[in-house]
Amino acid sequence: MPTILNNLLDVLLLVLLWLLGAGVGRVALNLLGISANLSAAERLLLGAALGLGVVSYGVLLIGWAGQLNPFAIGGLLLLLLVLMATQLRGLLADVGASLAQVGRCFRQPIPALLLMLIIFAAALTLISALAPPTDWDPMVYHLAFPKQYIESGRIFDVLYDHRGEFPENSEMLYTLALLFGRQGLTGLLHWSMALASTFAICSFSRTRLASSRSFALLAGAIFFTTALVLEQATTENVDLNVAFYNFAALYALFVWIGSKLRDRSTEMIGALVLTGILAGLSYGTKQSSVVNGVAIAVLISWWLLIAERRGLAATAQALLIYGATALATLFIWPLRAWLASGNPVWPAAYSLFGGKAWSATDANYQYYGYNVLYGMRYPAGTKWDALGTTQPQDFFSTYLAWPWNATMYPDKFDAVSKRTYYLGPLYLALLPSGAILGLVRGVKARSPLLLLSIYALIYLLGWLFFIHHMSRFFLFALPVLAILAAAAAYLLMGLPISEIDSKTEKRRRTPYAPIVAAIIAIFLLLGPLDQLPVTNRSLGVVFGTQTQAEYLTNGWKPYATLAWANTNLPASARVLMGWGALGYYLDRSYIYAEHAPEYVGRYYNRSSDDFRARLRELGITHIIIAYPSQIPIRQVFPPDFISDDGPYTRRISPDALGWKVYVLK
Amino acid sequence: MNRERATQLIGWVGLAWLLFVAAFFVFATDNSTILSNVLRWVGLR
């Protein structure tokens with residue numbers, strides 16, 4: 001099939017998968033009794049969030065049963081299609097109504113311009129999302145694990161990589177795509193989460209804040225044109241899934257709040273259950289979503305205790321319903337980790353739970369080590385293995401000045417220095433004055449913007465004290481921050497946020513409103529414009545003038561080594577991938593030894609002979625190493641174990657290849 | 001100071017902050033390729 005048609009097929013499959021999710025989710029929304037309280041767009045978005053979760057768990061259960069093959073997964077899809085078919089009429093009506101809403105944005109100039117900007121950003125990133133994966137994390141685990149699951153026909157426990165027992169809702173969707181040979185669909189799935197989040201931001205603003213179209217689209221555009229979002233939308237990571245699920249859970253909470261808490265009505269409980277399920281699905285996407293879970297619990301308590309003055313008993317009851325549904329949704333992932341390793345959040349909280357194939361040293365290197373690499377906690381240039389010898393920076397630069405530093409020096413907040421990994425100046429430029437203006441105008445405990453601010457504050461505190469200081473992890477609260485930034489812009493320009501306000505309260509436009517609007521417009525454009533060169537690099541491979549091998553050989557040098565290994569290693573080879581050698585494109589059985597040297601056998605516990613015996617026990621026949629000079633850092637191999645022709649290994653790859661391939665003697 | 005006066009004052013300070021952050025981002029950092037190129041073309045960098 002011509003490449004372009006193949007890519008169009010992936011786009012079509014993506015649409016079908018979202019419709020499938022929305023159809024299945026619609027059944028659940030009906031069962032929860034809240035369909036009638038939702039707008040068409042809300043039924044689609046919250047329904048799809050639920051339905052895609054059902055697909056993920058279906059793949060997981062089938063994979064656990066050792067039936068990870070096209071027939072079994074096809075059967076699951078067929079079953080879900082039948083379920084969707086029962087909802088088809090309503091589903092299509094909702095799609096039509098939502099598209100009509102989007103279409104109406106073209107009738108006024110400002111919404112039309114903002115919508116076109118979002119479409120432009122979406123189109124640019126769509127092209128890059130279709131290009132073959134080259135980002136680090138997908139090649140280590142988001143796609144590498146699914147590929148290995150498919151090769152072995154089952155979902156197994158991965159204790160040789162510290163990410164092996166993370167929750168894998170998104171990876172289950174990637175497994176589904178790869179099982180049918182649709183690599184392009186994996187990138188599209190992550191990309192679609194950016195679009196869905198944007199759609200959710202707009203829908204939330206319109207429905208739950210009663211905002212104008214301009215406001216809704218400004219919030220959506222601030223989110224999607226953030227370089228961080230654009231950059232991630234082109235990868236096969238899971239961070240945008242987390243952003244979407246976090247926001248969907250928060251959205252459901254607002255549905256519950258909007259239901260006015262009619263006593264013990266199905267409506268109230270249904271929306272709260274939906275909030276719990278979506279928060280659970282968010283944890284099933286990434287463990288750090290526990291912060292989202294806590295933030296929502298705080299909002300439930302705030303609403304019932306302070307805004308509604310309903311007392312402790314009602315609050316406890318609501319928290320119980322929310323917490324129980326969240327736990328019932330997510331328990332499968334900690335259970336998997338616990339069964340495999342003895343630690344439900346393996347390998348985190350090692351001092352508390354312990355766990356197989358891990359040690360206090362690993363915990364120190366892999367987890368505290370991130371503190372050195374990301375953020376302002378240690379002076380620039382501090383190395384991973386300097387932990388314990390380098391003094392952390394002061395409280396001010398680490399915990400107080402980070403909004404400035406993360407905006408101006410984004411390279412400090414990611415291990416790989418990328419210009420595109422930035423938040424842009426709008427959040428920092430707008431949020432502080434927005435917050436002060438909001439406070440001066442008078443804050444009501446029931447104000448939706450106050451609730452969003454509390455959520456954002458809890459998330460940022462979580463980011464500071466619980467999550468690694470990576471800019472990428474801002475994404476998890478970015479939809480909320482984008483709405484707050486748009487609100488701040490409106491306050492600064494003296495425009496009414498809610499259309500209800502505009503009728504009851506006369507707001508005067510500030511004399512400098514055009515300057516604010518012009519600066520916002522410049523920075524909204526900047527992100528997509530900076531994305532142009534990235535899109536340009538993907539054009540050839542997406543439109544078929546370049547093959548995947550050519551694209552990868554040109555753009556990602558190590559591919560040449562893996563392509564050589566795919567041709568030259570025997571089919572029965574089992575490879576140990578050393579530090580930095582990412583395995584997604586290796587078509588041989590392998591284990592990745594970067595992150596759990598304990599699994600392989602740490603060198604200082606073993607002699608070289610013992611180490612070789614352990615490798616033989618694991619069935620290892622070959623070793624691929626990306627950066628031989630960095631071996632001591634990761635302490636995987638005994639000193640002098642690896643050499644071009646030594647007692648234990650012999651290099652067999654040509655000199656010209658960047659990564660080295662060795663045969664185990 | 002009444003609320004309206006305070007709002008006006010904070011609005012102006014907010015505008016100053018917006019301009020300062022935007023200017024610092026544009027002229028004192030190198031976070032955007034396209035922006036750097038434009039500034040180079042017009043001779044500001």
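Each chain gets a letter, A, B and so on, in the order its sequence line appears, and its residues count up from 1.
Neither the backbone nor the side chain of A/Pro533 has a heavy atom closer than 4.5 Å to any heavy atom of chain B. Proximity to chain B is limited to the side chain of A/Ile519, based on heavy atoms less than 4.5 angstrom apart. For A/Leu529, the parts sitting under 4.5 Å from any heavy atom of chain B are the backbone and the side chain alike. Of the atoms belonging to B/Val38, not a single heavy atom falls under 4.5 Å from chain A.
Residues B/Gln8 and A/Tyr512 approach most closely at O-OH, 4.4 Å, considering heavy atoms. Looking at every heavy atom in both residues, A/Val440 comes nearest to B/Arg3 through O-NE, 3.1 Å. For the pair A/Asp530 and B/Asn31, the tightest heavy-atom approach, listed with the atom from each and the gap, is OD2-O, 4.4 Å. Nearest heavy atom pair, residue B/Gly11 against residue A/Leu492, reads O-CD1, 3.7 Å. Closest approach of B/Gly14 and A/Ser433 over heavy atoms only: CA-CB, 3.7 Å.
Of all the listed residues (A/Val516, A/Leu532, A/Ile436, A/Leu526), the one sharing the greatest number of non-hydrogen pairs under 4.5 Å with chain B is A/Leu526. No other option in B/Leu35, B/Val13, B/Ile34 has as many heavy-atom pairs under 4.5 Å with chain A as B/Ile34.
Once rounded to the nearest 0.5 Å, the distance linking CZ of A/Arg441 with CD1 of B/Ile10 reads 12.0 Å. Interatomic distance, A/Leu428 CG to B/Leu18 CG, rounded to the nearest 0.5 Å: 10.0 Å. In this structure, B/Leu9 CG and A/Leu437 CG are separated by 10.0 Å, a value rounded to the nearest 0.5 Å. With rounding to the nearest 0.5 angstrom, the CE atom of A/Met493 is 11.5 Å from the CG atom of B/Leu15.
Using bins of under 30°, 30° to 60° and over 60° for the plane-to-plane angle, the ring pair B/Trp17/A/Trp404 lands in the tilted bin.
No side-chain heavy atom of A/Pro425 sits under 4.5 Å from any side-chain heavy atom of B/Phe20. By the 4.5 Å heavy-atom criterion applied to side chains, B/Thr29 and A/Thr407 are not counted as neighbours.
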Can A/Leu426 and B/Phe25 be said to form a side-chain contact (heavy atoms from CB on, under 4.5 Å), step by step? CA-CA 10 Å; A/Leu426 287 181; B/Phe25 190 87; over 6 Å; no

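A/Leu460 CG: more than 12 foreign heavy atoms inside a 6.0 Å radius.
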